[in-house]
Amino acid sequence: MAGILGACLLPSAASSAKWRRRDTPLAANLTANSHNSRNLHGCFASFSSLREHQVHLETDYSTETRIEELKKRVQSTLCTDIYSTRTMTIIDTIQQLGISHQFEDQIELILERNIGITNEEDDLFSTALRFRLFRQGGHTVSTDVFHKFMDKNGRFKESMSKDLRGLLSLHEASYLSTKDEEVLLQAMEFSKEHLQRQMLHLNPSAARDVGLTLEFPRHRRMVRAEARNHIRAYGEESGRAMDMLELANLDFDLVQSQHKMEIAMLRSWWKELGLAEKLSFARDRPLECFLWTVGLFPDPRFSTCRIEIAKTVAILLVIDDVYDIHGSLEELVLFTNAVKRWEIEAMEDLPEYMKICYMALYNTTNEIGYRVLKEHGKCIISELRKTWVDLCEGFLIESRWYNSRIVPNLEEYVSNGVTTAGTYMALVHAFYLMGNKINKESSALVNSCPKLFTSAGRLLRLWDDLGTAKDEQERGDVASSMQCFMKEAGVASEEEGRLHIRKLIHSAWLDLNGEAFAATSTLPRSIVDVALNLARASQAMYQHGDDERVPGIKQHIQTLLMDPIR
């Protein structure tokens, strides 16, 4: 079953073990399709000669020199007048093109110097743009900046409804709202209403752009996918800056080459681990696992994080399948207890197929712990182990639901599902691997499963269920979040259930925004960004299952990891 296990009126575990399947969210579900699997295995095998590519990349000094030339030109333009709307627009374009990592310090300095500066002549476009850029950068900014566009009754002035550029900017800014910010919630509805009206009178190209903004606001888009799409779109704009466009193309190619080398390293590790060969029932999807980490860590500097987190997700899939489609309840209790003990002797009582799985988990986790100790001076094995204990206990809860034919209530299901989705495991590992501001206070907060992580995990869980519900029904599976809601609310319409989950997703985003803003004072900005990126990647990975118009996982793999941009 794609999503969390929680059954109602299903066959016993023993009789259904051969057909049951649930895809843990971080696995990036493709559904059990043999044709897709063969294609992906072919893609994965194509990286076998990448070590030769690495040698070529390291000696390509002409590309590196050209990038440095372009960076200097763009930086000069960026710093010409740091208080102007033009500079803010350039920053926005740089971020959309996926090259903000090249100008991180300059952008931060410009934003810091602009905080608190007011300009009574700022129009709706520039005010909303500045607001969005500040909030995206983790800076506190009040919604009071929009009051000058509102009437005495606290409503946006109707005169604003004709300003297409301003409405688009306002709509994008409104998606950085929290639940208690009435001004931004009103801005969202106001801009949406009038943009939809204006679409009727726009040319097809402009109407398409407005429709994209309405359906997929930028704050919720996967960063690398947005970069790829915007580079193409920006190249077609009449007012494009050629230096930025060329830099974006070169940078994308360079980052993609880096990803290919990382995949080669992951491929070598996965082959040596041997889980796919030893456990034929388990999923063999390391490339999809790596795609998730590109979503979580779009910044090129986090190469180690991408590789190591991809390892943990690949092992998570195997453990998920042990609990979901192969192990008896008695065996699953033994495995859970072994993970709790976390010692070699703990696997003595395990069935043979579980021993190799246990050792893969034990060794890989300890190796990650050793890397963190060596690079950051922190001994964190116990913290990493706890995430796996929680995960296995969550899987065991689901197995007991299934065997007892229980459908939990929606909140119980989602709360447990945040854990079994791999949320806490991935984010705790990421925090320590990044090594930013690891201290007693931040470590204690991270290890307590903060609301920031929970909010991101709810989006992961809900998107997975929404995106895979059709496949679950075809396989005969039940008790995703949608089915839990329908049973609890006495709703028979799948469309109504789907609509309710979408409302929960929107509400969860408002919660996540609020937690992200609050967490910047207690946690490193880097882990806050990873939590936000987890939510963004969830939508990118699973929305194709709920909306056939958007790219699926296979297409993301092809465009982000395989196809050259030019």
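The figures here come from the full heavy-atom set of this structure, side chains too, leaving out hydrogens, waters and symmetry mates.
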For this session: Report yes if the side chains of H219 and R536 come closer than 4.5 Å at any heavy-atom pair, otherwise no.
Result: yes

Exercise. Is there a donor-acceptor contact under 3.5 Å linking the side chains of Q258 and E262?
Worked result: yes

Exercise. Are any side-chain N or O atoms of R306 and backbone N or O atoms of P300, one a donor and one an acceptor, separated by less than 3.5 Å?
Worked result: yes

Exercise. Side-chain donor-acceptor pair under 3.5 Å between T65 and E68, yes or no?
Worked result: no

Exercise. Is it true that the side chains of H500 and E495 contain a donor and an acceptor less than 3.5 Å apart?
Worked result: no

Exercise. Do any N or O atoms from the side chain of N439 and from the backbone of E441 form a donor-acceptor pair under 3.5 angstrom?
Worked result: yes

Problem set entry | Electrostatic pair R132-E172, nearest N-O below 4.0 angstrom | no

Exercise. Going by atom types only, do Q75 and Q102 share a side-chain donor-acceptor pair under 3.5 Å?
Worked result: no

Exercise. Hey, are S205 and N203 close enough side-chain-wise for a donor-acceptor pair under 3.5 Å?
Worked result: no

Exercise. When the ring planes of F149 and F146 are compared, do they come out parallel, tilted or perpendicular, using 30° and 60° as the limits?
Worked result: tilted

For this session: May I ask you to test the S174-L185 pair for a side-chain heavy-atom distance under 4.5 Å?
Result: no

Problem set entry | Trace of the side chain to side chain contact (heavy atoms under 4.5 Å, CB included) decision for L247 with I67 | CA-CA 6 Å; L247 178 59; I67 287 176; 3.8 Å; yes

Please list every donor-acceptor pair under 3.5 Å in which a side-chain atom of residues 222-233 meets a protein atom from a residue at least two apart or in another chain.
unit_1 : atom_1 : unit_2 : atom_2 : d
E226   : OE1    : R221   : NH1    : 2.9
E226   : OE2    : Q96    : NE2    : 2.9
E226   : OE2    : R221   : NH1    : 3.2
R228   : NH1    : T559   : O      : 2.7
R228   : NH1    : D563   : O      : 2.9
R228   : NH2    : P564   : O      : 3.3
N229   : ND2    : A225   : O      : 3.2
H230   : ND1    : Q96    : NE2    : 3.4

Exercise. Backbone N or O of V418 within a donor-acceptor pair of the T423 side chain at under 3.5 Å?
Worked result: yes

Problem set entry | Donor-acceptor contact below 3.5 Å, side chain R461 vs main chain A421 | no

Problem set entry | Polar contact flag, side-chain donor to acceptor under 3.5 angstrom, T87-D81 | no

Exercise. Does T127 use its side chain to pair, donor to acceptor, with the backbone of D123 at less than 3.5 Å?
Worked result: yes

Exercise. Is it true that E215 and R208 make a salt bridge, defined as a side-chain N closer than 4.0 Å to a carboxylate O?
Worked result: no

Exercise. Going through the checks in order, is the side chain to side chain contact (heavy atoms under 4.5 Å, CB included) test met by T522 and S442?
Worked result: CA-CA 7 Å; T522 55; S442 61; over 6 Å; no

Exercise. Just wondering, are more than 12 heavy atoms of other shown residues or ligands nearer than 6.0 Å to CZ in R165?
Worked result: no

Exercise. Any side-chain heavy-atom pair from T312 and E308 closer than 4.5 angstrom?
Worked result: no

For this session: Please determine if D122 and K148 form a salt bridge, counting it only when a charged side-chain N lies under 4.0 Å from a carboxylate O.
Result: no

Problem set entry | More than 12 heavy atoms from other groups under 6.0 Å of CZ on R240 | yes

